[in-house]
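First comes the structure, then the notes that go with it.
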Amino acid sequence: MKKYALTLITFILITNLSFGQETVQLVPNDNDSRVITTGLPFMLIAPDARSAALGDMGVATSVDGFSQQYNPAKYVFSEAKSGVGLSYTPYLSRLVNDISISYATYFNRINEFSAVSASFKYFSLGEITLTQDENDPGINVKPNEFAADVAYTLRLADQFAMSVALRFMRSDLRINQVDPNANAANTFGADITGYYQSEEEAYNDFNGRWRMGFAIQNLGPKFTYDDGGRENFQPTNLRLGAGFDFIFDEYSKLGLTAEVSKLLVPTPPITGDRLVFTDNNDNGVFDADEDDLNEEATQRNIILEGQDNNVGFLSGIFQSFGDAPGGFSEELREFTWSLGAEYTYQENFAFRAGYFNEAEDKGARKFFALGAGFKYTTINLDLSYLFSASRVQSPLENTLRFSLTFNFGDGEYDEY
């Protein structure tokens with residue numbers, strides 16, 4: 001009797017394992033491209049022509065009137081007492097003519113050791129007419145975003161300075177005529193930056209000067225557009241740069257600069273479904289027409305690889321250095337890098353060229369840029385032009401950008 005019972009149990013187990021065994025299958029979503037997205041992305045767009053011509057860099061370039069965007073710590077190395085900068089950048093100019101970024105900045109050296117500065121950045125998305133049908137005259141709306149900031153810079157050594165900036169940002173993109181619960185999003189952030197500039201040193205055939213800089217930008221809380229809405233990260237960003245000036249004589253100089261940057265925002269994880277089902281055809285894969293899905297045990301949109309990015313902004317900063325599902329190699333791909341060169345003659349004319357690179361699966365922004373600068377008395381005029389080198393067309397491709405700087409008290413300080 002025991003022999004027959006053992007045989008029966010063995011037959012049942014084999015049958016259950018071979019026909020209709022319960023199986024678990026992980027089904028990832030289609031998210032091979034893990035681009036990190038944030039709110040207020042316009043904060044990362046270079047607003048001035050000089051930085052744009054050098055490949056969207058500015059943390060370690062020499063001081064100019066628009067240093068507020070990248071590194072206000074440079075202002076205590078300005079030879080001018082104060083300055084005002086104005087810049088205008090058309091956006092998506094090949095499609096529309098009313099989307100643009102306007103930028104205004106001001107700085108003032110208080111003394112040899114300190115400076116104050118401020119800026120205002122405005123991103124206009126043009127005018128949009130909302131209609132319900134062909135007989136509706138429509139309502140005109142003008143979505144926009146802007147940021148206003150102030151910074152204080154202190155010279156901590158002869159060749160090194162640091163700066164702290166405080167910023168208010170407002171994003172009015174949600175249209176309350178469409179969604180009555182939508183409001184403009186308001187938030188605040190801070191920058192911490194540093195800049196080093198060496199003394200001019202003599203080499204065999206030329207003189208030279210080293211430059212280095214860092215910046216942690218847009219440190220601040222997450223924000224929403226409506227009560228209970230999704231929380232958005234600010235574009236918290238780390239920039240590191242270094243450069244060298246080849247000073248050939250009193251008339252000509254060549255500056256070479258390199259910069260890397262990384263968003264300090266968590267990487268989106270790989271998500272998917274965990275399906276628990278009875279594998280009736282014993283092929284190990286869930287077939288909706290043949291297999292029975294265990295609805296209670298099945299989980300949707302779970303994290304398969306990576307870490308949960310629903311964290312606070314401070315936790316997100318530290319998490320951003322080690323949460324990429326692809327491991328260390330993917331973390332490296334999250335760094336963008338730029339190279340730039342600037343030749344200056346008699347401080348009155350400058351020719352610039354730059355290149356910007358971003359990994360294919362992180363946004364695929366790649367472009368070359370050219371630019372020029374002209375100085376007449378206290379006025380600087382800068383121009384730049386962008387050439388896309390990516391499969392993804394840049395919204396700034398074939399766009400001519402220009403900036404104006406007015407320097408006051410030029411030559412009042414001797415930094416070299």
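Just so we're clear, the structure is a prediction, and the values are computed from it rather than from any experiment. Each residue takes its place number in the sequence, starting with 1. Side-chain atoms are counted along with the backbone in the values below, which use heavy atoms only and exclude waters and symmetry mates.
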[atom1]/[X] to [atom2]/[Y] distance, rounded to the nearest 0.5 angstrom?
X      : Y      : atom1 : atom2 : answer
Gln346 : Lys253 : CD    : NZ    : 13.0 Å
Leu264 : Leu238 : CG    : CG    : 5.5 Å
Leu383 : Phe402 : CG    : CZ    : 9.0 Å
Tyr103 : Asp48  : OH    : CG    : 7.5 Å
Phe146 : Met43  : CZ    : CE    : 11.5 Å
Glu331 : Phe321 : CD    : CZ    : 8.5 Å

Look at the side chain of [X] and the backbone N and O of [Y], then say whether any donor-acceptor pair between them is shorter than 3.5 Å.
X      : Y      : result
Ser78  : Tyr75  : no
Arg211 : Gly255 : no
Asn71  : Ala73  : yes
Arg50  : Ala53  : no
Asp323 : Thr267 : yes
Ser198 : Trp210 : yes
Lys366 : Glu358 : yes
Arg155 : Val76  : yes
Lys74  : Ala60  : no
Ser384 : Leu370 : no

Please check if any side-chain donor atom of [X] sits under 3.5 Å from a side-chain acceptor atom of [Y], or the reverse.
X      : Y      : result
Glu200 : Asn207 : yes
Ser338 : Arg239 : no
Gln68  : Thr105 : no
Ser124 : Ser100 : no
Lys375 : Asn348 : no
Ser171 : Glu145 : yes
Thr378 : Asn407 : no
Gln69  : Ser51  : no
Asp382 : Ser403 : no

[Y] and [X], any side-chain heavy atoms less than 4.5 Å apart:
X      : Y      : value
Pro221 : Phe188 : yes
Ile99  : Phe123 : yes
Gln197 : Arg209 : yes
Ile192 : Met162 : yes
Val116 : Val150 : no
Pro235 : Val265 : no

Can you check whether [X] and [Y] have ring centres sitting under 6.0 Å from each other?
X      : Y      : value
Phe367 : Phe387 : no
Phe368 : Tyr355 : yes
Phe42  : Tyr91  : no
Phe351 : Phe349 : no

Check [X] against [Y] and note the closest heavy-atom contact, atom names and distance.
X      : Y      : result
Glu397 : Leu386 : CA-CD2, 3.7 Å
Asp191 : Asn218 : OD1-N, 2.8 Å
Arg167 : Ala147 : CD-CB, 4.0 Å
Ala350 : Thr344 : CB-OG1, 4.2 Å
Gly241 : Val59  : N-CG1, 3.6 Å
Ala190 : Leu166 : CB-CD2, 4.0 Å

Decide side chain to side chain contact (heavy atoms under 4.5 Å, CB included) for Thr187 and Phe168; before the verdict, give the C-alpha distance in whole Å, the side-chain angles of both, and the deciding distance to 0.1 Å.
-> CA-CA 6 Å; Thr187 188; Phe168 172 78; over 6 Å; no

Go through Phe223 and Arg170 one step at a time and tell me if the side chain to side chain contact (heavy atoms under 4.5 Å, CB included) criterion holds.
-> CA-CA 10 Å; Phe223 64 94; Arg170 180 180 176 87; over 6 Å; no

Could you go through the side chain to side chain contact (heavy atoms under 4.5 Å, CB included) check for Ile317 and Leu219 one step at a time?
-> CA-CA 9 Å; Ile317 290 174; Leu219 286 163; 3.4 Å; yes

Using 30° and 60° as the class limits, which term best fits the ring planes of Tyr343 and Tyr345: parallel, tilted or perpendicular?
-> parallel

Can you confirm whether more than 12 heavy atoms, excluding those of [X], are under 6.0 Å from its [atom1] atom?
X      : atom1 : value
Phe408 : CZ    : yes
Tyr376 : OH    : no
Phe120 : CZ    : yes

Using a strict 4.0 Å threshold on nitrogen-to-oxygen distance, state whether Lys362 and Glu330 make a salt bridge.
-> yes

Audit row: Glu360, Arg333, side chain to side chain contact (heavy atoms under 4.5 Å, CB included) steps and yes/no = CA-CA 9 Å; Glu360 289 286 336; Arg333 294 199 305 274; over 6 Å; no

